[in-house]
Amino acid sequence: MYIAGTKDTQDIYTDLKIPFNQTDKALRYKNAIDLLDVNPDVTNFVGHSSGAATALELQKNLKDKNYNVNTYGAPVASFTNSGNRYRNQYDPVSISDSGAQTS
């Protein structure tokens with residue numbers, strides 16, 4: 001499942017929930033849960049920007065499913081090398097993700 005990043009003003013409102021650890025209350029998260037209910041064979045998440053935050057939140061909250069997650073430009077503050085997070089060197093959204101692989 002691909003989870004896209006910010007595209008409209010509703011998404012901007014949703015993005016404000018990320019720093020307050022409320023990604024699971026966002027519309028994008030709820031839509032992903034609905035899609036997983038319809039498509040139980042999904043095993044991989046790919047997310048970009050706020051979609052990456054959603055993918056990581058799904059992985060955290062649905063540990064029993066053991067999803068494979070790859071993120072690009074995730075708004076993450078981490079020093080831990082993950083092996084599955086990627087970012088562009090000058091991306092302001094993912095600038096605090098020191099554990100991401102930088103290109």
Worksheet item: Does any donor atom in the side chain of Ser78 or Asp97 lie under 3.5 Å from an acceptor atom in the other side chain?
Response: no
Discussion item. Keeping Arg28 on the side-chain end and Ala4 on the backbone end, is there a donor-acceptor pair under 3.5 Å?
Written reply: yes
Item to complete: Step by step, work out the side-chain contact (heavy atoms from CB on, under 4.5 Å) result for Asn31 and Thr54.
Response: CA-CA 10 Å; Asn31 289 342; Thr54 302; over 6 Å; no
Worksheet item: Do the rings of Tyr67 and Phe45 sit parallel, tilted or perpendicular, given the 30° and 60° boundaries?
Response: tilted
Discussion item. Going by side-chain contact (heavy atoms from CB on, under 4.5 Å), Met1 matches just one of Asn44, Leu36, Val46. Which one?
Written reply: Leu36
Worksheet entry | Within 6.0 angstrom of Tyr2 OH, more than 12 heavy atoms from elsewhere | yes
Worksheet item: Taking atom types as modelled and ignoring hydrogens, do the side chains of Tyr72 and Asn88 form a donor-acceptor contact shorter than 3.5 angstrom?
Response: no
Worksheet item: So, do Glu57 and Asn21 sit near enough that their side-chain heavy atoms are less than 4.5 Å apart?
Response: yes
Worksheet item: Between the side chain of Arg85 and the main-chain N/O of Thr71, is any donor-acceptor distance below 3.5 Å?
Response: no
Worksheet entry | Check: Val76 and Ser94 side chains under 4.5 Å, non-hydrogen atoms | no
Discussion item. Using the rule given for side-chain contact (heavy atoms from CB on, under 4.5 Å), can you reason through Thr23 versus Leu56, listing the C-alpha separation, both sets of side-chain angles and the distance that settles it, and then say yes or no?
Written reply: CA-CA 10 Å; Thr23 305; Leu56 292 168; over 6 Å; no
Discussion item. Taking Arg87's backbone N and O only, do any of them form a donor-acceptor pair with Asp91's side chain (distance below 3.5 Å, no angle check)?
Written reply: no
